[in-house]
Number of protein chains: 2
Amino acid sequence: MTKYESICLEIRKRIIERKYPIDQPIPDEISLAKEFNCSRMTMKRALDILVSEGLLYRKRGHGTFIVQSAIQNNKVNVVTNEAMGLTNLLKDKNVKSKIIKFEVQFPSEDICAHLAIDSKTPVYYIIRLRIVDGEPYVLEKTYMPVTIIPGINDEILNGSIYDYIMNKLVLTIAGSHRIIRACKPDDLDYEHLACELNDPILEVEHIGFLNNGIPFEYSFSRHRYDKFEVTTINMNR
Amino acid sequence: MTKYESICLEIRKRIIERKYPIDQPIPDEISLAKEFNCSRMTMKRALDILVSEGLLYRKRGHGTFIVQSAIQNNKVNVVTNEAMGLTNLLKDKNVKSKIIKFEVQFPSEDICAHLAIDSKTPVYYIIRLRIVDGEPYVLEKTYMPVTIIPGINDEILNGSIYDYIMNKLVLTIAGSHRIIRACKPDDLDYEHLACELNDPILEVEHIGFLNNGIPFEYSFSRHRYDKFEVTTINMNR
DNA sequence: CAGTGGTCTAGACCACCAG
DNA sequence: TGGTGGTCTAGACCACTGT
């Protein structure tokens, strides 16, 4: 935990707990730096993070202000790190996995293109049903190159693939690309997600990248329409 | 133009023009700082931007490397600006608007909370059907505070609200918050989007912010499931 | 061990804005 | 003019890596 991270945590806490008047600027950078016993640069870096999360905004010559709408709808935790996997995102819930399919195959042309590999690089083909508090939640179809993410087994699939990648393989997940769409359910959805005939499905197509820019995962997550929504924040530079 | 911006431009140019070997680390921060006659902190800041764009990645103890896939597929300009509005996003298409409703009202409690206003601040209530190349595309229900975005009229609604905000009111749109979900169609969708009975709808709930952190728009866009998908890019810090 | 990036400092000067 | 945030510096120490 770096100094700027812990300062950032504390300031975020204060804002959420209304320790600072919502219609006033928060204390200036120099005062805060003194209070936290750090340099102004470090203070600025901590505040930069909160600005990038949409919690604060600055006015040169005026001060730093709270974005009121950000804390009025309990939407504060929207800015979670997305690269965590379901097991970590819902860690206060009981998340289980049912392995529907777990195979190795040569990838199709489409898979090759998305994973930036050739057709002779084997990939895992995994279908998992994720169950949250006993209810079917999402059906995940995942392709991962065996060369990049080796050693997948049933035990890992029953827990968190992301934990395995980050902690056992010690790889860094740098980012992701998502395409979100609505579609009609197919037979697999009916079978595992307990859909009614006309329930829509929220499908998230996902490409995950490591910090060397190499894609390691191409997946389709099919969600029950009444159990999931995607939240995004876009701030211009 | 700040120093770190101009350095950033120059390094980006060198990478794209293959001035640095693609399979080698680029020069270390101290050498680059000397070359550009700046401090190491400033150099780091310039490189940080390129890392956040996915053009470079760093390995502690090793050096700074070029993300090969970033410059191999002309993907350099992926970081497009989303805050443009439909009229600009699809400017090579024929986008028309049909005004279904255009009223002024006092906002409900929910609208107040999302726009950070009180219940006596009037808002526009606008429903528009956007038609692309003659086909119904999206049904937009929009709330905007009259005080922040004054002077809306039919002419503006038939064109681009975003153009009006940016060019006539000269306000800067800083960011947005989106919630994306799948849902079943309602009567308004059947009537205007030419939905079949069981066609899902992709709904995007949207809050737009100005650069002072004030929300100026709260909207629900209901899309035909076969005509629209949302694309997002997420890069970790 | 030497070399890399990551963090942090104490202080400087500038740009912007209100009274 | 005073106070704010924005940029930049020169240097320090730390964490991590391969030799």
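Quick note on labels: first sequence line is chain A, next is B, and so on, each numbered from 1. These numbers were taken from a predicted model, which means no experiment stands behind them.
Computed from coordinates, the B:His62 NE2 to C:dG6 C1' distance equals 15 Å when rounded to whole Å. When the C1' atom of C:dT4 is taken as reference, atom CD of B:Gln24 falls 15 Å away, rounded to whole Å. Distance A:Met1 CE to C:dG6 P: 18 Å, rounded to the nearest Å. Whole-Å rounding puts the B:Tyr4 OH to D:dC8 P distance at 7 Å. To the nearest angstrom, P of D:dG3 lies 17 Å from CG of A:Leu32. Straight-line distance from the CD1 atom of A:Ile7 to the P atom of C:dT7: 13 Å, rounded to whole Å. Here C:dT7 presents its P atom at 17 Å from CE of B:Met43, a figure rounded to the nearest Å. Rounded to whole angstrom, the span from the CG atom of B:Leu56 across to the P atom of C:dG5 amounts to 11 Å.
In this structure, B:Glu29 pairs ionically with B:Arg58, as a charged nitrogen and a carboxylate oxygen lie closer than 4.0 Å. Taking a cutoff of 4.0 Å between a charged side-chain nitrogen and a carboxylate oxygen, A:Lys101 and A:Glu103 qualify as a salt bridge.
Checking the phosphate oxygens (OP1, OP2) of C:dG6, a side-chain nitrogen or oxygen of B:Lys44 falls inside 4.0 Å. Within the structure, every side-chain polar atom (N or O) of B:Thr64 is placed at least 4.0 Å from both OP1 and OP2 of C:dT4. Under 4.0 angstrom from either OP1 or OP2 of D:dT9 there lies no side-chain N or O belonging to B:Arg40. Remark: B:Lys59 is not in phosphate contact with C:dT4, judged by side-chain N or O atoms under 4.0 Å from OP1 or OP2. When the side-chain nitrogen and oxygen atoms of A:Thr42 are compared with OP1 and OP2 of C:dT9, one or more of them lie within a distance under 4.0 Å. The side chain of A:Arg45 places an N or O atom within less than 4.0 Å of a non-bridging phosphate oxygen (OP1 or OP2) of C:dT7.
The environment of A:Glu109 atom CD is sparse: at most 12 non-hydrogen atoms of other residues, nucleotides or ligands sit within 6.0 angstrom.
A:Gln105 and A:Tyr125 make their closest contact through NE2-CD2, 3.5 Å (heavy atoms, listed as atom of the first residue, atom of the second, distance).
In this structure, the separation between CD1 on B:Ile161 and OG on B:Ser219 is 9.0 Å, given to the nearest 0.5 Å. From A:Phe220, atom CZ reaches atom NZ of A:Lys141 across 6.0 Å, with rounding to the nearest 0.5 Å.
No hydrogens or angles considered: nothing links the side chains of A:Tyr137 and A:Arg130 as a donor-acceptor pair under 3.5 Å.
Across the interface with DNA chain D, nearest-nucleotide mapping of A:Leu47 and B:Met41 shows A:Leu47 to be the residue nearer the 5′ end. Residue B:Glu29 is the one, among A:Thr2 and B:Glu29, whose nearest nucleotide of DNA chain C lies closer to the 5' end (criterion: closest heavy atom). Along DNA chain C, the nucleotide nearest to A:Arg60 and the one nearest to A:Glu5 differ in position, and the one closer to the 5' end is contacted by A:Glu5.
Within the nucleic acid shown, B:Arg58 comes within 4.0 Å of sugar-phosphate atoms alone, with no base atom in reach, counting heavy atoms only. Residue B:Asp48 is out of contact with every strand shown, counting any heavy-atom pair closer than 4.0 Å.
Across its full length, the helix from C:dC1-D:dG18 to C:dA18-D:dT1 shows an angle of 10° between the axes of its 5 terminal pairs at either end, rounded to 10 degrees.
A perpendicular orientation is assigned to the rings of A:Phe216 and A:Tyr162, their planes being inclined by more than 60° (bins at 30° and 60°).
Listed candidates were D:dT9, C:dC8, C:dC16. Nearest to the side chain of B:Lys3 is D:dT9.
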